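Structure, as structure tokens:
Proteins come first, then strands; the chains are lettered A, B, ... in the order of their sequence lines, and each starts at number 1. All of these numbers come straight from a predicted model, not from anything done at the bench.
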Amino acid sequence: MEQGLRSRRMQKPSKIRFERRRKVLENAHIQKPSAALCSQIEKLVLYNRYREALELFEIYEPRNGYDVGGSTYDALVSACIGLKSIRGVKRVFNYMISDGFEPDMYMRNRVLLVHAKCGLMNDARKLFDEMLERDLVSWNTMITGLIDSGNYSEAFRLFLIMWEEFSDGNSHTFALMVRASAGLGLICVGRQIHSCALKMDVADVIFVSCALIDMYSKCGSVEDAQFVFDQMPEKTTVGWNSIISGYALHGYSEEALSIYSEMRECGVKIDHFTFSIVVRTCTRLASFEHAKQAHAALVRHGFGSDIVANTALVDFYCKWGRMEDARNVFERMPCKNLETWNAMIAGYGNHGQGDKAVKMFEQMLRDKMIPCHVTFLAVLSACSYSGLAEQGWKIFQSMSRDHKIKPRAMHYACMIELLGREGLLDEAFALIRSAPFKPTTNMWAALLTACRMNENLELGRFAAERLYEMEPEKLSNYVVLYNVYNSAGKLKEAAGIVQTLKRKGLRMLPARSWIEVKKQPYAFLSGDKSHVQTKEIYQTVDKLMLEIAKHGYAVENKTLLPDVDEEEQRLLSYHSEKLAIAFGLINAPGWIPLLITQSHRMCSDCHNAVKYIAMVTGRKIVVRDASRFHHFRNGTCSCGDYW
DNA sequence: GTAGGGTTAG
């Protein structure tokens with residue numbers, strides 16, 4: 001054993017761990033080895049000290065010869081579930097078999113569960129298929145694993161087999177299948193499951209109702225979600241949370257908050273999930289006061305140190321550009337998780353404070369927090385936005401070397417943008433070629449943009465050609481190359497692009513934004529002049545632009561579109577979302593647009609990051625960039641296509 | 001005795 005201990009200590013040179021293990025062992029020796037050991041393991045599990053319980057088992061395991069009963073195995077499996085330790089469960093299970101202990105259905109289900117929880121669905125499937133007998137729990141456990149790993153269609157397949165074989169299913173099964181419907185985003189499937197649940201008389205079970213509320217809101221029907229919520233015989237915290245989050249999800253921020261106050265009046269327990277949802281809702285809402293109140297309530301209710309709620313708060317202050325407030329919340333958090341760090345790093349990056357983002361990242365590593373691909377995306381884009389080429393490059397290299405994280409396409413695209421800004425086009429191109437996977441459109445597009453900035457015709461043409469191959473119908477690729485030629489004075493080539501466009505029958509659809517004022521939708525195109533209030537709208541936009549310029553916004557005036565004359569070019573700088581916001585300002589008294597997010601673009605003149613301030617708002621007016629929402633593309637527009 | 005619902009970063 002001494003040797004075993006030594007080798008283990010060498011693997012994990014942690015004094016604290018060793019000390020802890022020594023204490024556990026000492027305690028174990030107080031009583032008779034076998035009974036004492038078992039009861040010690042069970043006790044440790046009871047107090048959620050899973051790791052110690054497993055360590056204790058592993059230390060003694062090679063010696064064999066002590067009787068382990070069902071309750072101890074159960075405790076050990078619980079420890080494995082708690083730690084998601086598949087290695088642990090394999091050891092426990094093997095020991096169980098070699099010890100001659102015949103696991104019953106309960107135990108087999110538990111083993112199946114650990115595999116499912118660890119996402120090892122192939123192994124779980126094998127275990128499931130090998131089971132001579134299966135009960136509802138076995139089926140439900142298997143379905144849970146499939147849903148958790150995002151394999152909704154397979155979950156449905158299994159459910160159908162079960163349904164055909166046994167015509168059975170309990171409340172858990174239906175809650176699961178409702179969740180699977182939500183995952184598929186198919187409300188029609190969800191409705192069928194709902195009606196089955198009604199037939200089986202399980203639709204009123206509290207957690208089934210909650211799953212239904214969630215499913216209906218995720219599938220786009222807040223009305224149905226509200227209906228299920230109203231029908232709930234007893235409205236629990238989770239039920240309230242689900243309906244609030246449903247309204248918030250669809251941009252009904254005010255409604256969400258009013259339901260939240262209703263919830264408080266009912267005296268239902270408010271938990272940290274409630275606060276996370278409320279804070280997130282406030283992030284979208286045009287009232288800073290609401291958020292501050294929520295922050296105060298969070299502290300009052302004793303969730304001041306909750307990690308999820310506070311992470312939402314950090315994100316909230318970051319999105320508002322209140323970096324000092326964000327940092328204050330961050331610093332006061334007694335413990336932080338990966339998401340907290342990511343939110344803070346991304347916050348600094350998005351506000352052009354790349355140096356602080358990098359410092360945060362370094363601090364994170366010193367604090368022994370393990371970064372993930374999102375962290376790297378945040379810190380690399382921060383470097384890119386702030387022109388920290390050298391640091392960005394070092395971090396990118398350390399990604400796979402020191403942190404064993406393979407850079408994904410987005411990381412490459414970030415680096416290409418970064419190199420491009422430095423004018424290092426050859427290096428950027430080399431990076432694309434060195435990628436261990438087929439370059440994605442994002443990567444070629446980043447290179448093309450860099451070529452446009454550096455007026456590199458040859459490489460730009462090459463990148464554009466790759467893009468044409470991958471997305472032959474995507475107009476923006478042609479427009480960017482057109483701009484590359486145009487900026488370089490190659491008018492003949494530029495005209496060639498226009499010809500290609502015409503031959504392909506591609507038409508330019510300018511960006512379109514959509515605004516809802518008093519439940520009435522209005523659509524605007526860039527440079528739209530068709531509205532009766534056009535004069536007023538443009539005056540308002542001009543005023544807004546002066547305001548935004550104070551915050552450092554630089555108008556990019558090099559964007560050229562084929563066949564568009566100068567006057568029209570000027571009009572196109574009146575982006576559709578600006579027109580929509582101006583319209584909202586004029587027609588919705590009391591509505592205050594808010595500078596909420598700041599993203600960055602590279603300035604085509606100085607190649608430095610400039611602040612681009614987008615206006616996003618909550619209240620009853622929703623402004624969205626229409627081109628990003630496919631269902632708006634089909635929305636009617638008063639002035640038709642631009643071309 | 002097991003399994004279930006709501007959350008933060010991108």
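- With B/dT7, B/dG5, B/dA3 as the choices, the nucleotide that has an atom nearest any side-chain atom of A/R179 turns out to be B/dG5.
- Residue-level contact check: A/T375 touches neither bases nor backbone, having no heavy atom under 4.0 Å from any strand.
- Atom CG in A/L176 sits roughly 15 Å away from atom P in B/dT2 (whole-Å rounding).
- Closest approach to the A/K117 side chain among B/dA3, B/dG4, B/dG6 is made by B/dG4 (side chain taken as heavy atoms from C-beta onward).
- Annotation for A/Q192: atom CD does not count as buried by contact number, only 12 or fewer foreign heavy atoms lying within 6.0 Å.
- Summarising the geometry, the separation between OH on A/Y260 and P on B/dG6 is reported as 20 Å, rounded to the nearest angstrom.
- Both geometric conditions, a ring-centre gap below 5.5 Å and a plane tilt below 30°, are not fulfilled together for A/W341 over the base of B/dA9.
- Remark: A/T340 is not in phosphate contact with B/dA9, judged by side-chain N or O atoms under 4.0 Å from OP1 or OP2.
- Rounded to whole angstrom, the span from the CG atom of A/D135 across to the C1' atom of B/dG1 amounts to 12 Å.
- The aromatic ring of A/H172 is not stacked on the base of B/dG4, since the criterion of ring centres less than 5.5 Å apart with planes inclined by under 30° is not met.
- Of the candidates B/dT2, B/dG5, B/dG6, B/dT2 carries the atom nearest the A/Y106 side chain, counting heavy atoms from C-beta on.
- Using a 4.0 Å heavy-atom criterion, one finds that A/I307 contacts no nucleic acid atom at all.
- Between A/M399 atom CE and B/dG10 atom P there is a gap of 16 Å when expressed in whole angstrom units.
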For a salt bridge (charged side-chain N to carboxylate O under 4.0 Å, His left out) check, start with the C-alpha distance between A/K336 and A/D367, then their side-chain angles and the critical distance, and finish with the verdict. CA-CA 10 Å; A/K336 306 163 180 83; A/D367 284 11; 5.9 Å; no
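- Regarding A/L338, its CG atom lies at a distance of 11 Å from the C1' atom of B/dG10, rounded to whole Å.
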Salt bridge (charged side-chain N to carboxylate O under 4.0 Å, His left out) assessment of A/D355 paired with A/K359: CA-CA 6 Å; A/D355 46 343; A/K359 279 197 183 121; 5.2 Å; no
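- Residue contacts for A/N109: at a heavy-atom cut-off of 4.0 Å it reaches a base atom on one of the strands shown.
- Taking every side-chain heavy atom of A/S276 into account, B/dT7 is the closest of B/dG4, B/dT7, B/dG5.
- Nearest nucleotide to the side chain of A/V137, out of B/dT7, B/dG4, B/dT2: B/dT2.
- In the interface, the side chain of A/N170 is paired with the base of B/dA3 through a donor and an acceptor atom under 3.5 Å apart.
- In this entry the distance linking CH2 of A/W240 with C1' of B/dG5 reads 17 Å, nearest Å.
- For the residue pair A/V308 and A/S276, the shortest heavy atom distance occurs at CG1-OG, 3.2 Å.
- The pair A/D148-A/R179 meets the salt-bridge criterion, with a side-chain N (NZ, NE, NH1 or NH2) lying under 4.0 Å from an Asp/Glu carboxylate O.
- The side chain of A/L377 has B/dG10 as its nearest neighbour among B/dT7, B/dG1, B/dG10.
- In this structure, A/S245 reaches the B/dT7 phosphate: one of its side-chain N or O atoms is under 4.0 Å from OP1 or OP2.
- One atom, CG of A/D271, and another, C1' of B/dT7, lie 10 Å apart when rounded to the nearest Å.
- Ring to ring, A/H194 and A/Y216 are close: their centroids are under 6.0 angstrom apart.
- Per the geometry, CZ belonging to A/F330 stands 12 Å off C1' belonging to B/dA9, to the nearest Å.
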